[in-house]
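First listed ligand is number 1; within each ligand, the first listed atom is number 1. No experiment lies behind these values; they were computed from the predicted model shown.
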Amino acid sequence: MSVLLIKDLSIHHKSETLVQSVSFEIEEGEWYALIGQSGSGKSLTAFAIGQLLSKQFSFSGSISLNSQSLFDFSKKERRKIRGRDISYIFQDYTSSFTPFYTIGKHFDEYIKTHLSLSKPKRIAMAISAMEAVNLEGERVYKSYSFQMSGGQLQRAAIALAMLLKPKLLIADEPTTALDSVTSKHILELIQKMREETKCAVLFITHDLRLVRKYADYISVMKEGVIVESNTKKEIMDAPKHPYTVQLLSAIPTISDQALALENVEVVH
Ligand SMILES: Nc1ncnc2c1ncn2[C@@H]1O[C@H](COP(=O)(O)OP(=O)(O)OP(=O)(O)O)[C@@H](O)[C@H]1O
Ligand SMILES: [Mg+2]
């Protein structure tokens, strides 16, 4: 069954059409990659799903979650859906936390909105989610965002997004701020959650090596339009649109990487 169904979505801002007639579908447990040039409308599409775009934007088309149109819900219902059914790991992870509350308070408010648990249980749940992303739970719980590094904050944002095991996880460049070891750990966590809970993943990235490793299905965007959609195998082995061909030719092969390493000068 499809978890997310987007049909003919167009997004306009003033007289400009920024996203045009985008359609795709994500099945339960599927890892769906949305790739393409910077400014092609990937994040706007992701924001539109959770209806996170301001009033300056207008839409046409439809977005359904588990066969229910998201446009039919009230503002209050939509807030409930975000977190419980759809959760985000944003490209700009700093927007997940205000500097006025501790990280723990953010987790606590999030849990309180969706579950009725006692305070000690909420704290234990938050700390264990933080530890799953290799953060020092007790310390981070009491910290403010400005007391943490960018990578730590991103991990906290990821823990928050995965906390309630959503049906759809939207990850927009989730590992940009992370070193390669932490990044691998986070991706493995998303992979594990997908296997355990069958959640659907919408993954937006410029890192085509990650797409090659994790994605089941790929859509390629250019200038607000999806130019090609297919299984990973079809796109990787036999891309049809010239832009996809151009994009894929930029992925370094193993021999290119070995060559690059050979050419690295080691300074002692
Ligand atoms: N708040 C906004 N107001 C006006 N235009 C916007 C706004 N946000 C994005 N845009 C425009 O919409 C287009 C698509 O932006 P979007 O952020 O979706 O790109 P993207 O594909 O996510 O790019 P990137 O890979 O760089 O993150 C761009 O031309 C951008 O300038
Ligand atoms: Mg973006």
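Put simply, the side chain of Ser219 never gets that close to the backbone of Leu34: no donor and acceptor are under 3.5 Å apart. Judged purely by atom type and a 3.5 angstrom limit, Tyr32 has no side-chain atom pairing as donor or acceptor with the backbone of Phe24.
Within a 4.0 Å radius of atom 30 (C) of ligand 1, the protein has no heavy atom. Checking atom 24 (P) of ligand 1 against the protein gives a heavy-atom contact under 4.0 Å.
For atom 5 (N) of ligand 1, the nearest non-hydrogen atom of the protein is Leu18 CD1, 3.9 Å. Closest protein heavy atom to atom 19 (O) of ligand 1: Gly39 CA, 3.3 Å. Taking atom 26 (O) of ligand 1 as the reference point, the nearest protein heavy-atom neighbour is Ser38 OG, 2.5 Å. Summary of contacts: the protein heavy atom closest to atom 7 (C) of ligand 1 is Phe57 CZ, 3.7 Å. Scanning the protein heavy atoms around atom 12 (O) of ligand 1, the nearest turns out to be Leu44 CD1, 3.3 Å. In terms of protein heavy-atom proximity, atom 27 (O) of ligand 1 is closest to Gln91 NE2, 2.9 Å.
With a heavy-atom cut-off of 4.0 Å, His206 touches ligand 1 through its side chain alone. Under 4.0 Å from ligand 1, the heavy atoms of His13 that appear belong solely to its side chain.
Ser38 lies apart from the Mg ion (ligand 2) in this respect, since none of its N, O or S atoms is found at a distance under 2.8 Å.
A salt bridge does not link Lys222 with Glu228: none of the charged nitrogens is closer than 4.0 Å to a carboxylate oxygen.
The Gln37 neighbourhood of ligand 1 comprises atoms 21 (O), with distances under 4.0 Å to a heavy atom of that residue.
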